[in-house]
Amino acid sequence: MKFLILFAHTLIGFRITELKAVAEIEKIDLFLNADDISSVESQDDSISTSFMVIDLPDIDTAKRLVRRSILVKYVYMIFGKGKTYEELLLDLDNFDKNYLDGFTWKIEVESFGKSYPWSVITSKINQMKQVPFLQKGKVIMKNPDKTLTLLEDFGIGNNTAPRSIYFCENICESGRGDIYKYNLRQRKYLGTTTMDPELSLIGSNLAHARKGTIVYDPFVGTGSLILASAHYGASVMGSDIDIRTLRDPDPKKRVEVNFKQAGTENLLVGLFLGDNATRALRPFPILDAIITDPPYGIRAGARKVGKKIKPKWKAVPDGFQVQHFPQCIAYKVSDVLKDLLQVAAQMLRLTGRLVYWLPTTPAYKETDLPKHPCLRMVANCNEPMSSLWSRRLIVMEKYLDYSPALHDNLDQEEYGQTTAAHDGLREAIFYNPNPTLPSHSTTDNSPISPALQNQQEDIKLAQMIKKKEIKKMKKEKQRNYKP
């Protein structure tokens, strides 16, 4: 059977990756045309589309495919299609003439890339009166048995005529409505680095979070990622090096509050104080997924336990070791990712997934990605944040058992990240007075592209804003100074 998927017009590069992940969770064989994939994920307005036709065995399979998808809006069963109304009506002549017999139904008109007044919508519905199978059943506008939809795809460009016209039945909505359940405006406990619900739910889909699985976040923060995994029935736990995010003196400012609000507090296994560099958990393969957003220095920098170089450092007195919080030092992003992959290699079960966000700059290259012999790359989706930087959602799968004899003390080449662009990301954005952008050589006299020129202007603007912030802070200190 032919079905039509309508994607939400957002996160275009994530669409197919999430759809495949949901198909794997539901154990659905999904065969996609390469041309359709390129059109759905294309950034070129002339060929980009939010519609994709797929083959599935039945309606129940179509419902299972989209019921937890975040980037799909609707799925339709196709009755007919064409580039013009003449082609569409000709195609509809071959459809089962008794399909609507005994059912109530109505017709809706939807157009992507164009809007119509009510008079035009009415005329388009009247065009469909001659379709043979619409002569059966009864028309009712409120709560009909079947909702039939006339869909026109004009694309994103200024097209005067539709590229495709479909007449189909709306089978069901997707799981996109779950975004509003976890709306940040209604969430009780938030932080400066709280991940938005759309990306959290997508990440949980890519991690294959579901009932019976255990999901762990080593940089749990306010718990957005594991909260989304618990929504799909996974048992979740998390750790963080900052005790304040886990055990705030105010009981209303704790991660557990969000789980109670969502009704999934029974799925929260626990939260504990932990350092990603030292690994508090025993290195046994007990996890089905690790999903995390490591701190990379834009809003918050990473830290690990370590002794600061101080001339008057003193040892912790006897009897205070248990209550003592150790000193922390800076934690390079490349070291964070290296340790993260080591944890995944040791603690994931075979076929378990590591899903993490990686910050990148325009200087990104494939060798920036961390590697491990036990893990293989599954997906690499890019979300542009500005012309200065973007972040990538990286999905890796464990396919080889971890062996201490083989995989301890790997050399730098085996870990990857050779001259990684994400090291010193904050300095590259805010503090570098003369940033070097790889897309243009400074040694030749070729003209600078408009995109690169905008990029350089954004850097200058960011530096100006930073200088103003520093001046404002100095004035505020002087104003509040009391001798």
Side-chain angles (χ1 to χ4, degrees), residues 14 17-28 30 68 195 199-220 223-240 264 267-272 274 276-294 336-358 369-381 392-408 410 414-416:
F14 292 65
T17 301
E18 194 218 20
L19 188 66
K20 288 180 177 179
V22 174
E24 291 166 354
I25 294 170
E26 298 292 340
K27 295 181 172 55
I28 297 172
L30 195 62
R68 62 179 284 173
M195 181 69 73
L199 294 174
S200 299
L201 291 164
I202 291 171
S204 296
N205 278 335
L206 298 187
H208 291 179
R210 61 196 184 278
K211 187 176 181 180
T213 60
I214 302 175
V215 178
Y216 169 57
D217 183 356
F219 301 95
V220 69
S224 288
L225 296 175
I226 58 173
L227 183 66
S229 297
H231 171 74
Y232 294 122
S235 299
V236 299
M237 60 182 183
S239 64
D240 204 287
T264 55
L267 294 172
L268 179 60
V269 177
L271 303 168
F272 59 92
N276 183 62
T278 57
R279 293 183 283 284
L281 296 173
R282 294 182 179 179
F284 295 134
I286 60 171
L287 302 176
D288 296 286
I290 296 174
I291 176 171
T292 189
D293 179 26
V336 171
L337 299 176
K338 173 184 171 183
D339 292 337
L340 179 63
L341 265 64
Q342 186 74 1
V343 171
Q346 291 178 346
M347 301 201 61
L348 285 176
R349 295 189 176 106
L350 283 177
T351 71
R353 289 196 163 193
L354 167 64
V355 180
Y356 68 94
W357 289 93
L358 173 71
L369 297 176
K371 299 185 297 182
H372 195 283
C374 297
L375 305 172
R376 62 185 171 197
M377 183 71 64
V378 174
N380 181 353
C381 305
R392 293 177 177 270
L393 185 57
I394 308 296
V395 183
M396 305 185 79
E397 186 177 77
K398 183 176 178 179
Y399 74 103
L400 187 66
D401 282 322
Y402 182 86
S403 171
L406 297 175
H407 303 130
D408 279 349
L410 299 173
E414 291 176 294
Y415 279 123

R68: salt bridge (Lys or Arg N to Asp or Glu O under 4.0 Å) partners, not counting sequence neighbours = none
Could you pull out all residues at least two apart from E24 that satisfy side chain to side chain donor-acceptor pair (under 3.5 Å)?
-> H208, R353
d(C374 SG, L350 CG) to nearest 0.5 Å is 9.0 Å
Taking all non-hydrogen atoms of both residues, which atom of G238 and which atom of I226 are closest, and how far apart?
-> N-CD1, 4.4 Å
Out of curiosity, L206 CG to C381 SG, how far, rounded to the nearest 0.5 Å?
-> 6.5 Å
Can you name the side chain to side chain donor-acceptor pair (under 3.5 Å) partners of N276, sequence neighbours left out?
-> Y331
Which residues share a side chain to side chain contact (heavy atoms under 4.5 Å, CB included) with P373, sequence neighbours left out = H407, L410
With L406, which residues qualify under side chain to side chain contact (heavy atoms under 4.5 Å, CB included), at least two apart?
-> S403
Side-chain heavy-atom pair M237, L287 within 4.5 angstrom cut-off = yes
Considering all heavy atoms, the nearest V215-A209 contact | CG2-CB, 4.2 Å
Value rounded to 0.5 Å, distance of CG in L340 from CG in L354 = 5.0 Å
Between S204 and I291, what is the shortest heavy-atom contact and its length?
-> N-CD1, 3.7 Å
If you round to the nearest 0.5 Å, how far is CG of D240 from CZ of F272?
-> 10.5 Å
Can you tell me how far CG of N380 sits from CZ of R392, rounded to the nearest 0.5 angstrom?
-> 5.0 Å
Return the minimal non-hydrogen interatomic distance between N205 and I25, and the atom names on each side.
-> O-CD1, 3.6 Å
State which residues pass salt bridge (Lys or Arg N to Asp or Glu O under 4.0 Å) with D339; sequence neighbours excluded, sorted by chain then number.
-> none
Close side-chain approach of L281 and V343, heavy atoms under 4.5 Å = no
Using side chain to side chain donor-acceptor pair (under 3.5 Å) as the criterion, list what pairs up with H372, not counting sequence neighbours.
-> Q342
Residues at least two apart in sequence or cross-chain that pass side chain to side chain contact (heavy atoms under 4.5 Å, CB included) with L267, listed by chain then number, are A230, S235, T264
Indicate the atoms forming the closest heavy-atom contact of P370 with L337, along with that distance.
-> CG-CB, 3.9 Å
Find out whether D288 and R349 are in side-chain contact, i.e. whether some heavy atom of one side chain is under 4.5 Å from a heavy atom of the other.
-> yes
Using the test side chain to side chain donor-acceptor pair (under 3.5 Å), find all partners of Y356 that sit at least two apart in sequence or belong to another chain.
-> none
Any side-chain heavy-atom pair from L369 and M396 closer than 4.5 angstrom?
-> no
Take L348 and Y402 through the test side chain to side chain contact (heavy atoms under 4.5 Å, CB included) and record every step on the way to the result.
-> CA-CA 9 Å; L348 285 176; Y402 182 86; over 6 Å; no
To the nearest 0.5 Å, how far apart are CD in Q346 and CZ in R282?
-> 14.0 Å
With sequence neighbours left out, which residue pairs that include part of residues 208-220 fulfil the salt bridge (charged side-chain N to carboxylate O under 4.0 Å, His left out) condition?
-> none
Mind checking side chain to side chain contact (heavy atoms under 4.5 Å, CB included) for A23 and listing every partner two or more places apart, or none if nothing turns up?
-> I28, L30, L65
Heavy-atom side-chain proximity of V269 to I214 below 4.5 angstrom | no
Over all heavy atoms of both residues, which pair between S200 and M195 is shortest? Give the atoms and the distance, please.
-> OG-CG, 3.3 Å
